[in-house]
Protein chains: 2
Amino acid sequence: MVDRPAISKGEMEVARALWQIAPATVREVFEALPASRAMDFTTVQTYLRRLETKGHATSKLKGRVRVYSARTKERTVIRDTVNDLVQRLFDGDTMPLVRHLIEDRGIDETGLAELRDLIERLDQEGKK
Amino acid sequence: MVDRPAISKGEMEVARALWQIAPATVREVFEALPASRAMDFTTVQTYLRRLETKGHATSKLKGRVRVYSARTKERTVIRDTVNDLVQRLFDGDTMPLVRHLIEDRGIDETGLAELRDLIERLDQEGKK
DNA sequence: GCATTTCACGTACATGTGTACGTTCATGAT
DNA sequence: ATCATGAACGTACACATGTACGTGAAATGC
């Protein structure tokens with residue numbers, strides 16, 4: 001459970017692309033970025049390098065190109081990031097954020113249905 | 001709806017204290033910080049100065065001391081911060097985060113009850 | 001086989017961030 | 001009147017971050 005430096009916003013976009021397609025070359029990651037998020041090829045290169053420095057990725061030269069892989073799981077990073085947010089914004093309390101999401105951001109009918117299921121499941125477990 | 005530079009992590013801790021007790025002097029904010037979060041008096045001063053520079057606070061000299069007030073509402077900052085997170089981590093999709101919070105972080109019985117109410121309310125509105 | 005494309009890699013550079021020190025001035029205590 | 005306290009304010013400084021350029025080498029197009 002080595003605890004690596006947090007991933008910055010810019011790095012995060014690259015990391016997400018990497019998680020989706022790893023192992024992948026810089027170019028592949030570059031191309032996997034959402035079109036809405038234009039950044040220079042070399043910027044992607046820098047972010048990948050930094051992710052590796054921070055211990056969130058590894059790479060290996062395959063012939064002439066460097067191939068990157070993720071070293072931390074997306075789930076873990078999400079957990080840490082969310083934990084941090086909840087801590088800093090809500091003193092570590094989960095419900096205020098849940099409430100905010102549901103009330104302020106709103107969820108659609110499908111989401112509502114899923115939520116009902118989720119709760120029912122938790123209810124069952126609670127009763128056991 | 002001027003859009004001000006985002007509040008950094010360190011600034012956020014000071015901003016939260018400020019929201020709670022504003023208008024307040026640097027020392028008051030300093031003292032309102034959670035004990036767990038020790039930082040130098042002048043560090044608080046710097047953060048308040050930066051919050052003002054960024055447009056999130058205002059201040060006025062009252063005699064010899066400077067009194068700070070919040071200029072952006074906590075709710076707004078929370079909204080923006082969460083929006084940003086949801087965007088960056090979940091492509092702007094709310095449900096994955098809700099799911100993560102409920103499943104991965106877990107909520108207690110009280111939270112569950114509140115959730116049931118929340119959903120019921122939304123159901124009513126949906127039916128209308 | 002020469003020009004063009006494409007990488008890796010080193011380097012850069014402005015701005016942001018966390019954290020605080022030093023100086024100066026006013027104020028309240030002695 | 002003198003001195004310790006406490007503020008404001010300017011300044012600092014290392015490290016993080018966003019973003020990319022330049023150079024040199026390999027591969028590919030013609």
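Every chain is numbered from 1, with letters handed out A, B, ... down the list of sequences. The structure presented is a predicted model; accordingly, all values stated were derived computationally and were not measured.
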Salt-bridge test for [X] and [Y]: reply yes if a basic N is under 4.0 Å from a carboxylate O, no otherwise.
{"X": "A/Arg99", "Y": "A/Asp104", "value": "no"}
{"X": "A/Arg71", "Y": "A/Glu52", "value": "no"}
{"X": "A/Glu109", "Y": "A/Arg116", "value": "yes"}
{"X": "B/Asp117", "Y": "B/Arg121", "value": "no"}

Contact summary for [X] and [Y], nearest pair of heavy atoms:
{"X": "A/Arg105", "Y": "B/Val86", "result": "NH2-CG1, 3.5 Å"}
{"X": "B/Thr72", "Y": "B/Gly55", "result": "CG2-O, 4.2 Å"}
{"X": "A/Arg16", "Y": "B/Gln87", "result": "NH1-O, 4.3 Å"}

[N] [atom2] sits how many Å from [X] [atom1], rounded?
{"X": "A/Tyr47", "N": "D/dT17", "atom1": "OH", "atom2": "P", "answer": "9 Å"}
{"X": "B/Tyr68", "N": "D/dA8", "atom1": "OH", "atom2": "C1'", "answer": "9 Å"}
{"X": "B/Glu28", "N": "D/dG6", "atom1": "CD", "atom2": "P", "answer": "15 Å"}
{"X": "A/Met39", "N": "D/dA20", "atom1": "CE", "atom2": "C1'", "answer": "12 Å"}
{"X": "A/Arg27", "N": "C/dA8", "atom1": "CZ", "atom2": "C1'", "answer": "12 Å"}
{"X": "A/Lys62", "N": "C/dT6", "atom1": "NZ", "atom2": "P", "answer": "23 Å"}
{"X": "A/Leu33", "N": "D/dT19", "atom1": "CG", "atom2": "P", "answer": "12 Å"}
{"X": "A/Leu48", "N": "D/dT19", "atom1": "CG", "atom2": "C1'", "answer": "14 Å"}

Is it the case that over 12 heavy atoms from other parts of the model lie below 6.0 angstrom from the CD atom of B/Glu103? yes
Which nucleotide in the list [options] gets nearest to the side chain of [X]?
{"X": "B/Thr42", "options": "D/dA20, C/dC21, C/dG18", "result": "C/dC21"}
{"X": "B/Val26", "options": "C/dA8, D/dA20, D/dA8", "result": "D/dA8"}
{"X": "B/Arg50", "options": "C/dT19, D/dT19, C/dT27", "result": "C/dT19"}

Would you say the side chain of B/Arg64 and the base of C/dT27 hold a donor-acceptor pair, judged only by whether the two atoms sit under 3.5 Å apart? no
Which parts of residues 4-15 of chain A get close to DNA chain C, meaning a heavy atom less than 4.0 angstrom away?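 Here the set is empty: none.
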If you assign B/Thr25 and A/Gly63 each to the DNA chain D nucleotide with the nearest heavy atom, which residue ends up on the more 5' nucleotide? B/Thr25
B/Thr46 or B/Phe41, whichever maps to the more 5' nucleotide of DNA chain D: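 Closest to the 5' end, via its nearest nucleotide, is B/Phe41.
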Output yes when at least one side-chain N/O atom of [X] is less than 4.0 Å from OP1 or OP2 of [N], else no.
{"X": "B/Thr43", "N": "C/dG18", "value": "no"}
{"X": "A/Arg49", "N": "D/dT17", "value": "no"}
{"X": "A/Arg66", "N": "C/dC9", "value": "yes"}
{"X": "A/Lys54", "N": "D/dT17", "value": "yes"}
{"X": "B/Gln45", "N": "D/dA8", "value": "yes"}

